[in-house]
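This report refers to the structure that appears directly beneath it.
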Protein chains: 2
Amino acid sequence: MIAYSTSRAPQEIRSFDKSRAEPVSFALKQSQPALFFPAGSEIYGQGEKAGNLYQVEFGAVRVYRLLSDGRRQISAFHLAGETFGFEANSTHHSFAEAIVGTGIHAFCLPTGADFSRELLPLALRGMTRAQEHLLVLGRQNAIERVAAFLVDMAERQGGLNEVELPMSRQDIGDYLGLTIETVSRIFSRLRSKGIIKLRGLRTVEISRLATLEAMCE
Amino acid sequence: MIAYSTSRAPQEIRSFDKSRAEPVSFALKQSQPALFFPAGSEIYGQGEKAGNLYQVEFGAVRVYRLLSDGRRQISAFHLAGETFGFEANSTHHSFAEAIVGTGIHAFCLPTGADFSRELLPLALRGMTRAQEHLLVLGRQNAIERVAAFLVDMAERQGGLNEVELPMSRQDIGDYLGLTIETVSRIFSRLRSKGIIKLRGLRTVEISRLATLEAMCE
DNA sequence: CGTTGACTTGAAGGTATTCAAGCTTTGTGG
DNA sequence: CCACAAAGCTTGAATACCTTCAAGTCAACG
């Protein structure tokens with residue numbers, strides 16, 4: 001069993017990077033200042049009242065659910081420019097935490113129709129991603145899951161062959177429905193096959209992207 | 001490997017049951033007639049242009065994705081009163097099929113802000129369900145998955161202890177990320193423990209709901 | 001009444017997990 | 001800057017769970 005609580009208070013920040021951001025209207029953007037969340041700090045918790053929309057300025061976020069015995073499933077990672085936090089019934093059904101030191105812009109959500117129109121595409125994109133992830137968890141084996149994860153991370157970082165993984169092996173395991181040992185073994189297998197190189201613990205160079213992509217069709 | 005294609009053309013129908021329906025505005029409802037889809041027929045396919053919203057009048061629908069080698073993951077079942085079919089980028093990323101003979105009301109979706117406001121809660125509910133299902137597939141074992149499935153079906157059928165399962169064991173397996181043999185074995189195990197009774201192949205009586213619920217916390 | 005498809009059950013096998021040990025990296029204090 | 005401690009990661013061996021393969025049963029239908 002693993003404990004997942006390391007919470008510190010967020011701090012206000014002033015500057016952030018706006019490249020590759022999902023579009024959110026100017027009116028919304030004015031409503032709240034950007035905040036800095038230290039690594040491991042909670043952004044919101046299950047059961048809390050929802051109503052804010054969050055956009056990552058820099059850093060990375062994990063959104064997850066827990067079973068009563070502590071088993072954890074990360075439903076999504078959110079990187080710079082990505083938006084998260086909208087929920088049904090105005091109540092958070094998940095936890096959100098900063099993985100590393102993370103700058104987040106929070107928007108207070110009015111209930112107007114204009115904002116519904118703006119939010120719907122974001123919600124639908126989130127649902128499409130969740131459905132893709134369901135296919136991975138339900139029907140792919142360990143090596144296919146890790147391949148899918150690496151391909152996704154590479155795409156979201158602009159298609160570079162050098163991918164930064166801000167999250168731990170535990171996070172990756174909890175995202176892919178695997179143990180840390182299995183994730184580690186698969187990384188080693190991909191490395192020994194010459195498909196990836198491990199530049200550092202959190203830096204992966206993808207040597208043969210096409211091979212990796214072929215693994216998760 | 002299993003083939004999943006048995007498609008016939010839908011037919012127009014005139015009457016349907018409106019109880020327990022998810023709320024959709026009157027204006028939308030006028031736009032299209034209700035259709036009858038025979039068992040196994042396709043409602044829409046992956047890659048098709050989206051734009052309609054569908055509401056089940058009676059029967060049941062499966063929404064799924066395929067891997068290139070034919071492995072299938074059902075992301076959701078939709079029963080009477082439930083709404084489905086909205087997609088990101090106006091393109092279907094999944095297939096939808098009638099499981100049994102099914103009456104479906106199709107709504108043509110205008111792009112106005114009013115409808116966004118109406119659709120957002122439905123989309124968010126869908127995402128919450130997908131996230132719950134991710135936890136099941138990623139972190140629960142076979143018996144917990146089947147328990148979660150039965151509890152969910154019982155709830156959606158009004159909390160009766162007699163549950164109708166319109167779908168086959170193959171469908172259940174492809175929804176839960178298990179094989180039909182495993183699903184069958186778990187049903188037998190639950191039966192021998194006195195937790196459920198199998199009235200027929202597609203009819204389950206839940207004798208001890210609390211026990212079943214405790215299995216999927 | 002025989003045939004077909006769906007479901008159940010059994011046995012063997014494979015993949016991921018669990019348990020355990022060792023290694024590497026990171027951070028802290030001297 | 002080095003030494004040490006702590007945390008995170010990797011690797012190995014044994015185990016467990018689910019799958020695969022196979023046979024047999026049940027139900028629906030012509």
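Atoms considered below: every heavy atom in the structure, side chains included; atoms not considered: hydrogens, waters and symmetry mates. Convention: sequence-line order gives letters A, B, ...; per-chain numbering from 1.
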**Request:** Calculate the interatomic distance between Arg202(B) atom CZ and dA28(D) atom P; express it in whole Å.
**Result:** 11 Å
**Item:** Donor-acceptor contact below 3.5 Å, side chain Gln131(B) vs main chain Thr128(B)
**Value:** no
**Fill in**
With Asp174(A) as partner, the option from Arg169(A), Arg72(A), Arg62(A) fulfilling salt bridge (charged side-chain N to carboxylate O under 4.0 Å, His left out) is Arg72(A)
**Request:** Please report, rounded to the nearest Å, how far the P atom of dA16(C) is from the CD atom of Gln140(A).
**Result:** 12 Å
**Item:** Interatomic distance where CD belongs to Gln170(A) and C1' belongs to dC9(D) [whole Å]
**Value:** 11 Å
**Positions of residues 176-189 of chain B (non-hydrogen atom under 4.0 Å from DNA chain C), listed by number** = Glu181(B), Ser184(B), Arg185(B), Ser188(B)
**Asked** Nearest-Å distance, CZ (Arg145(A)) to P (dT15(C))?
**Response** 14 Å
**Request:** Please state how far atom CG in Leu198(B) lies from atom C1' in dA6(C), giving the value in whole angstrom units.
**Result:** 14 Å
**Request:** Using atom types as modelled and distance alone, determine if a side-chain donor or acceptor of Arg202(A) lies under 3.5 Å from a backbone N or O of Pro166(A).
**Result:** yes
**Request:** Begin with the C-alpha distance, continue with both residues' side-chain angles, and end with the deciding distance and a verdict on side chain to side chain contact (heavy atoms under 4.5 Å, CB included) for Leu35(B) and Ile43(B).
**Result:** CA-CA 10 Å; Leu35(B) 293 172; Ile43(B) 298 161; over 6 Å; no
**Asked** Between atom CZ in Arg199(A) and atom P in dT24(C), what is the gap in whole Å?
**Response** 19 Å
**Prompt:** Sub-3.5 Å donor-acceptor pair from the side chain of Ser41(B) to the main-chain atoms of Pro38(B), do we have one?
**Reply:** yes
**Item:** Contacting residues from residues 146-153 of chain B, given that a heavy atom lies under 4.0 angstrom of DNA chain C
**Value:** none
**Asked** Quick check: does any side chain N or O of Glu57(B) sit under 3.5 Å from a backbone N or O of Thr102(B), one acting as donor and the other as acceptor?
**Response** no
**Asked** Under 3.5 Å, is there a donor-acceptor pair between the side chain of Arg145(B) and the main chain of Gly173(B)?
**Response** no
**Fill in**
Between Tyr54(B) and the options Phe37(B), Tyr44(B), Phe107(B), the ring-ring contact (aromatic ring centres under 6.0 Å, His included) test singles out Tyr44(B)
**Residue-level proximity of residues 160-169 of chain B to DNA chain C when a heavy atom falls under 4.0 Å** = Ser168(B), Arg169(B)
**Message:** Using only atom types and a distance under 3.5 Å, with no angle test, would you say the side chain of Glu144(A) pairs donor to acceptor with the backbone of Asn141(A)?
**Reply:** yes
**Prompt:** Are the side chain of His133(A) and the backbone of Tyr175(A) linked by a donor-acceptor contact shorter than 3.5 Å?
**Reply:** yes
**Rounded distance (Å) that lies between atom C1' of dT10(D) and atom CD1 of Ile172(A)** = 14 Å
**Asked** Are the side chain of Arg71(B) and the backbone of Arg139(A) linked by a donor-acceptor contact shorter than 3.5 Å?
**Response** yes
**Prompt:** Rounded to whole angstroms, how far apart are CG on Asn141(B) and C1' on dA16(D)?
**Reply:** 11 Å
